[in-house]
Amino acid sequence: MSRTIKFIVVIILTLISLYTIGSWSEQTVINYFVSIISKSINPTNSTILIADISNKSSQKLPENFKIGISTSAYQIEGAWDADGKTPSTWDTLIHSHPELISDGSNADVASDSYHLFKDDISAVNSIGLQFYRFSISWTRILPNGSAINQNGIDYYNKVIDECLANGIEPVVTMFHWDLPQWLQDLGGLPNEIFIDYFVAYADVLFKNFGHKVKRWITVNEPYNYCIISYGFGIWAPAIKSPGVGDYLCGHHLLIAHAKAYRLYREKYFKMFGGEVGITLESPYYIPKDSSVSDKDHQRALQYRLGWFANPLFGTGGYPHVMIDEINERSKVEGRPFSRLPQMSEEVKKLILGSADFLGMNYYTSSLILINKAERDPREEPSWFSDSGVKESADPTWKQAKTFWLYSVPDGLKSLLNWIKNEYNNPPVFITENGWSDEGQMIDDDRIDYVNSHLLAVAEAVNEDQCNVIAYTLWSLFDSFEWNSGYTLKYGFFHVNYSSPTKEKTPKKSVE
Ligand code: BGC
């Protein structure tokens with residue numbers, strides 16, 4: 001039997017069982033059947049972006065390579081207190097400190113995906129993409145840590161069913177930074193109680209949605225979340241504890257992720273056969289001049305990506321440079337133990353290998369210098385002073401509206417190669433890549449950015465045999481951009497925020 005026929009037989013059997021157990025109506029089954037068949041015949045039918053790379057370049061992406069688009073719950077859903085949902089730390093922070101958001105806005109309504117999710121999926125469908133990565137709002141599902149809120153379950157069932165009915169695979173992130181306020185009240189990520197609550201939450205998600213969701217991402221970007229939320233104290237919950245709180249946050253996130261992964265493998269994998277991974281993020285670091293030796297360069301990448309990737313995909317545990325150096329500094333600071341938490345052999349074993357794929361968000365790269373000057377131990381510690389990394393941009397790189405975002409497609413290729421060499425070529429699922437501008441409908445810079453990055457991916461796959469399996473655009477809509485409010489536009493669709501029905505209009509990139 002050819003692979004296509006096998007694939008169609010499996011689809012038909014799955015549809016019959018969904019229909020028989022009553023979770024799908026006859027019409028949903030028919031819609032799904034029609035769209036999946038048309039997508040399997042022409043998986044990239046209407047995207048100009050993808051057409052560009054496959055028509056104009058000699059580089060082709062492998063046939064089974066998937067392309068999708070991404071959003072996150074807090075940035076699009078709105079309905080911040082609807083149907084039993086309780087506040088996340090972002091709701092709390094923004095309501096009490098609107099001055100922290102550059103345009104004074106909030107995401108109470110956002111693009112109102114809670115009510116208009118069908119528009120979102122129809123937008124994804126209109127550009128012919130194969131999957132939609134979205135995240136689940138924890139406090140819709142577990143408003144106070146104990147009882148499950150059926151309204152939340154119903155809502156995400158509708159979103160998932162709508163994806164499937166349109167032949168779009170739902171790729172679900174469990175935690176994209178909207179931590180329950182009730183959990184922050186117990187200490188949030190720096191408290192190890194986070195682990196048990198996260199695993200209990202993951203269990204609810206696997207149990208309720210596992211028969212329909214086959215690709216799970218536990219956490220989005222532990223590095224940025226921990227450094228900015230619990231280090232700088234700029235993102236919610238705005239706890240300022242650099243060099244201490246951020247390392248604790250990372251430690252508990254890694255353990256929580258690994259326990260959720262093990263839970264899936266033990267309790268759900270046989271039944272559902274899905275995959276669970278995590279999304280990390282890193283620029284590629286390029287030495288700015290010859291003062292950065294090869295050793296310095298490797299050390300810097302270990303601090304950045306290796307902090308999370310080495311425990312999961314590398315040799316196990318934190319990179320040795322981090323363990324040794326932070327331990328030494330902590331002693332000099334007069335501390336009784338290292339600011340970087342210790343991992344027992346048992347915990348190292350739990351974490352190592354606990355991901356079926358490596359999710360990577362890639363936006364930009366940077367030139368680096370290393371500050372090797374002796375640090376005054378009385379100064380406030382931080383990841384930045386521990387690593388000594390000083391980032392800057394090459395003046396020839398094209399800059400987006402976001403201050404740190406430059407177009408460096410070669411950096412993506414180098415990063416994919418570094419991952420391949422360092423971690424034995426794990427499957428890499430690029431979970432975000434995108435460009436911000438002023439919101440113009442003729443978004444030529446976005447088109448260039450995506451095409452050049454897709455080309456870099458194709459080269460990494462074809463020339464260097466990097467095991468990249470998928471690529472995800474960020475973002476479906478111009479959405480709420482954390483502390484920048486609505487001032488930075490990353491969307492492929494414009495949203496009319498002044499209208500109650502939030503009409504979406506495709507920009508040139510996806511017309
Ligand atoms: C985050 C998104 C954010 C994007 C652009 C990513 O790091 O996952 O939530 O909108 O960057 O800043």
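Read the numbers this way: they start at 1 and go in the same order the structure lists the ligands and their atoms.
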Pair K240 + E380: basic N to acidic O under 4.0 Å: yes

Candidate pair T173 and N220, rule side-chain hydrogen bond (donor to acceptor under 3.5 Å, both in side chains), full reasoning: CA-CA 7 Å; T173 308; N220 183 64; 5.8 Å; no

N/O separation below 3.5 Å, W177 to ligand 1: no

Ligand 1 atoms in contact with H176 (distance to a heavy atom under 4.0 Å): 1 (C), 2 (C), 8 (O), 9 (O)

Residue, atom name and distance, where the atom is the protein heavy atom closest to atom 6 (C) of ligand 1: E432 OE1, 3.0 Å

Closest candidate by heavy atom, reference atom 2 (C) of ligand 1, pool Y223, W474, F480: W474

Evaluation steps, side-chain contact (heavy atoms from CB on, under 4.5 Å), between F492 and F477: CA-CA 6 Å; F492 287 82; F477 302 138; over 6 Å; no

Basic-acidic side-chain contact under 4.0 Å: D119, K504: yes

Proximity of N220 to ligand 1 by residue part, where a heavy atom lies under 4.0 Å: side chain

Sidechain N-carboxylate O distance under 4.0 Å for D443, K489: no

Electrostatic pair E169:K212 at N-O distance under 4.0 angstrom: no

Shortest protein heavy-atom distance from atom 10 (O) of ligand 1, along with the residue and atom involved: E481 OE1, 2.7 Å

Interfacing atoms of ligand 1 (cut-off 4.0 Å, heavy-atom, W482): 2 (C), 3 (C), 9 (O), 10 (O)

Ion pair check, D444 and K508, cut-off under 4.0 Å: yes

Nearest neighbour in protein (non-hydrogen) for atom 7 (O) of ligand 1: E221 OE2, 2.6 Å

Taking atom 4 (C) of ligand 1 as the reference point, the nearest protein heavy atom with its distance: Y363 OH, 3.4 Å

